[in-house]
Structures are given as C-alpha cells and as structure tokens.
Amino acid sequence: MSTAGASADPLAALGALPGVADSVESVRKAVDRVYGHRVMRRRSNAITSEAALRGARGSAALSGADWALEEVRRRTDFSGDDEARTVGAALRLTAEAGQLLSIWRQSPLRVLARLHLVAAADKADQVGRPRKEGEPVDEPLVGLPLPSATETHGRLDGLAGLIIAGGSAPALVTAAVVHGELLALRPFTSHNGLIARTAERIVLIGSGLDPKSVCAAEVGHAELGCEAYLEALDGYVSGTPEGVAAWIAHCGRAVELGARESMAVCEALQRGAA
C-alpha cells in the first residue's frame, strides 16, 4: 500500500493507478450480467450454494488440494489426510463468510481470528490469534520472505483501521488489498491462503458488489493458476504502482471468471427447467 503516499484515503488512491478503473468497470459489468439473468430472480439461493462449493474447491486447489468438483460434492469426511483437511477447511470458511459481514466492518481482526479458528478446527495455543515471534508458518506455496511478528501486527492494525474508516475505494480495490496483505503477512501459523481468499469474499459481499455471493473469485484464481497467482502477488508485495495495479487487475479477472462460472450454472439450470 506504499504507493498511496500521504493520501487521506490510501485505498481510494490505489483506484487511480493506471488500468485499475478499467478493471473495476469490467468487474462491475460481469457481475451485473449474472444478477440480470432470469434464473437469479427465481433460484438465486441455488446459484449461491453452487458458487460457494465451487469457490471452496478453487481456494483449496490453490492451497495444494486440487480435487475434482464432484469429489468435493460427494465427500462427507474431510479428516483423512492433509488434502482432505484443506478441502474441509475451505468448505467451512466459505460457509462462515456470510455470517461475519456486520462484524467485519466493526472489527476485522476479530473476524480474521474467527476464520483461523474455523479453518484450523482445533484448540491449539496458536489458533485464533496472530503468530508470535519465532513461531513457524505452514504456507508452503507462498515463498515470500516472512515479515516479523512485530511488523505483521502493525500492518494488520493499519489494515483494520482502513477497513473500519471506510472510504470511497471501489470494492475490487479493497478486496484485492485485503487479500494481498494477508498473503504477504501470513499472520497465522496456518491456513493463511484460505483465510486471505475468504476475506476477499467477505469484502466483495459486504461492499454490495456481490451481495448474494455468486461471483466466487476463488474459482477465477484457481482457473488462472498458481503460477500466475504468485507472480501477481509478487507485484503487490513489490509496492510499485505497476505491481499493485497488476495484482488488482488479477483479482478483478478472477472475479470475472467466477461470474462467468455462475452464468454457466444459470444457463444449465434454465435449460433444465425448459
């Protein structure tokens, strides 16, 4: 977020970066197309449920558990091995996201702690709080240097302050920054990627851009692939205007692909009803 300089509304300042306005407009059009589909007027709950399942599958894939959608749909026991536990955590987080919207605007750090509790599903000492100095982080797919616990706590407080203060930044910009910061900081000892993507979802829902949660960005992130995801994250962490703008554009493209997925589901349901 260093590109915003001394702006009173640094998130809004990021919206002025080259190309970001185009991404924001493209995302808005893609989301509007889904919400304008006739199936959404009659069966929006079915689209929301399907988007949640597909979003959880996509998020788990980016955390190393790349299961087929039908396997996720079929499975009932997610306790067997590391991949199964990752998929189970992603499903729990997706289900939890919609319950935390009002708390997010008042206390985002409380929500993040809750998400870690839900993802970890145990009562170990490290769960539900930011990591302490020297505690290891289990996030093998993100190889960026790990900020110190002191820096992490300070940046988390700064991020929370921006969210609570609100502002005029587009939802896509806020969601991308929340996602990027959490991946860069990896504030918990585990499940940071899953939590970062769930927090992005919460922002997109709570902002009103995607209030029914039918445009799952996680679907798009998985479709774009892990390599592109990590390359875009490197740009965000660099702090350069070009790098931050590229990360926001990447997140925007992910939302568009999530919207496209839900449009396909709408079309399938419409054909089935014909």
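Counting begins at 1 with the first residue of the sequence.
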For this session: Quick one: do Arg74 and Glu71 satisfy salt bridge (Lys or Arg N to Asp or Glu O under 4.0 Å)? Show the steps, please.
Result: CA-CA 5 Å; Arg74 179 193 68 80; Glu71 176 65 12; 2.8 Å; yes
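- Follow the hydrophobic side-chain contacts under 4.5 Å out from Leu146 and you never reach Leu183; the two are in separate clusters.
- Side-chain contact annotation: Glu200 with His221, donor-acceptor N/O pair under 3.5 Å present.
- Side chains of Leu224 and Leu257 form a contact here, defined as non-hydrogen atoms less than 4.5 Å apart.
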For this session: Please step through side chain to side chain contact (heavy atoms under 4.5 Å, CB included) for the pair Leu269 and Val265, ending with a clear verdict.
Result: CA-CA 6 Å; Leu269 288 175; Val265 174; 4.2 Å; yes
Exercise. Is there a side-chain hydrogen bond (donor to acceptor under 3.5 Å, both in side chains) between Thr150 and Ser148 once you walk through the steps?
Worked result: CA-CA 5 Å; Thr150 299; Ser148 69; 4.7 Å; no
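- One side chain, Ser59 or Arg197, offers a donor N or O that lies under 3.5 Å from an acceptor on the other.
- Remark: Glu133 CD to Glu151 CD distance equals 10.0 Å, nearest 0.5 Å.
- Judged as a side chain to side chain donor-acceptor pair (under 3.5 Å), and not counting sequence neighbours, the contacts of Arg114 are Glu96.
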Problem set entry | Val39 vs Arg42, side chain to side chain contact (heavy atoms under 4.5 Å, CB included): CA-CA, chis, key distance, verdict | CA-CA 5 Å; Val39 169; Arg42 297 179 285 110; 4.0 Å; yes
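- Remark: the Arg201 side chain and the Thr94 side chain contain no N/O donor-acceptor pair separated by less than 3.5 Å.
- No option in Asp138, Val142, Val137 other than Val137 meets the side-chain contact (heavy atoms from CB on, under 4.5 Å) test with Asn192.
- A salt bridge is defined here as a Lys NZ or Arg NE, NH1 or NH2 lying under 4.0 Å from an Asp or Glu carboxylate O, and Arg260 with Glu256 fails to meet this definition.
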Problem set entry | Working for salt bridge (Lys or Arg N to Asp or Glu O under 4.0 Å), residues Asp81 and Arg85 | CA-CA 6 Å; Asp81 56 27; Arg85 285 190 286 273; over 6 Å; no
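- When side chains are defined from C-beta on, Ser44 does not count as touching Tyr35, because their heavy atoms never get closer than 4.5 Å.
- Taking both residues in full, the closest heavy atoms of Leu209 and Ala171 are given as CB-CB, 4.0 Å, listed atom of the first, atom of the second, then distance.
- Two residues are said to be in side-chain contact when any heavy atoms from C-beta on lie closer than 4.5 Å; Ile164 and Pro108 meet this criterion.
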For this session: Quick one: do Thr152 and Arg186 satisfy side-chain hydrogen bond (donor to acceptor under 3.5 Å, both in side chains)? Show the steps, please.
Result: CA-CA 8 Å; Thr152 296; Arg186 283 145 290 162; over 6 Å; no
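- Other residues, nucleotides and ligands place no more than 12 heavy atoms under 6.0 Å from the CD atom of Glu231.
- Follow the hydrophobic side-chain contacts under 4.5 Å out from Val219 and you never reach Val31; the two are in separate clusters.
- Counted by atom type alone, Glu50 and Ser262 present zero donor-acceptor pairs between their side chains at under 3.5 Å.
- One finds the CG atom of Leu11 at 5.0 Å from the OG1 atom of Thr174 (value rounded to the nearest 0.5 Å).
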Problem set entry | Audit row: Leu14, Leu17, side chain to side chain contact (heavy atoms under 4.5 Å, CB included) steps and yes/no | CA-CA 5 Å; Leu14 295 181; Leu17 291 174; 3.9 Å; yes
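- Between Tyr229 and His250, the two ring planes are tilted [angle within 30° to 60°].
- Side-chain contact between His179 and Leu233: absent, with no pair of heavy atoms (C-beta onward) separated by less than 4.5 Å.
- Considering only heavy atoms from C-beta on, Leu185 stays 4.5 Å or farther from Leu159 through its side chain.
- Judged by distance alone, with hydrogens and angles left aside, the side-chain atoms of His116 form a donor-acceptor pair with the main-chain N or O of Ser190 at under 3.5 Å.
- For the residue pair His37/Glu267, the side-chain donor-acceptor check at 3.5 Å is satisfied.
- Using a 4.5 Å heavy-atom cutoff, the side chains of Asp66 and Glu83 are not in contact.
- In terms of hydrophobic clustering, with Ile, Leu, Val, Met, Phe, Trp and Tyr side chains grouped at heavy-atom distances under 4.5 Å, Trp104 and Val173 are assigned to a common cluster.
- Atom NZ of Lys132 and atom NE2 of His153 lie 9.5 Å apart (nearest 0.5 Å).
- Apart from Phe78 itself, the hydrophobic cluster it occupies contains Leu53, Trp67, Leu69, Val72, Val87, Leu91, where clustering links Ile, Leu, Val, Met, Phe, Trp and Tyr at side-chain heavy-atom distances under 4.5 Å.
- Note on Val255 and Val20: same hydrophobic cluster, where clusters join Ile, Leu, Val, Met, Phe, Trp and Tyr whose side-chain heavy atoms are under 4.5 Å apart, directly or indirectly.
- In this structure, the side chain of Arg129 engages the main chain of Asp125 through a donor-acceptor pair within 3.5 Å.
- A donor-acceptor pair is defined here as one N or O able to donate and one able to accept, closer than 3.5 Å; such a pair exists between the side chain of Arg92 and the backbone of Ala119.
- In this model, no donor atom of one side chain and acceptor atom of the other lie less than 3.5 Å apart for Thr86 and His191.
- Side-chain contact check for Ser23 and Arg253: no donor-acceptor pair (N or O, by modelled atom type) lies under 3.5 Å.
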For this session: Output, in order, the C-alpha distance, side-chain angles, deciding distance and verdict of side chain to side chain contact (heavy atoms under 4.5 Å, CB included) for Leu62 and Leu141.
Result: CA-CA 8 Å; Leu62 288 169; Leu141 297 183; 5.8 Å; no
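- The structure places CD1 of Ile47 at 12.0 Å from OG of Ser213, a figure rounded to the nearest 0.5 Å.
- Formation of a donor-acceptor pair under 3.5 Å by the Ser63 side chain with backbone atoms of Ala60 is not found in this model.
- Distance check, rounded to the nearest 0.5 Å: CG of Leu101 to CD1 of Ile202 gives 6.5 Å.
- Contacts of Arg38 classified as salt bridge (Lys or Arg N to Asp or Glu O under 4.0 Å), with partners at least two apart in sequence or in another chain: none.
- Between atom OG1 of residue Thr189 and atom CD of residue Glu139 there is a gap of 10.5 Å, rounded to the nearest 0.5 Å.
- No donor-acceptor pair under 3.5 Å is formed between the side chain of Glu218 and the backbone N or O of Ala56.
- Side-chain contact check for Leu109 versus Leu112: some heavy-atom pair is nearer than 4.5 Å.
- Nearest heavy atom pair, residue Leu162 against residue Pro10, reads CD2-CG, 3.5 Å.
- For the pair Thr48 (side chain) and Lys212 (backbone), a donor-acceptor distance under 3.5 Å is present.
- Leu115 is connected to Ile103 through a chain of hydrophobic side-chain contacts under 4.5 Å among Ile, Leu, Val, Met, Phe, Trp and Tyr, so both are in one cluster.
- By the 4.5 Å heavy-atom criterion applied to side chains, Tyr236 and Ile248 are not counted as neighbours.
- Residues Glu70 and Arg73 are paired through a salt bridge, judged by an N-O separation under 4.0 Å between the basic side chain and the carboxylate.
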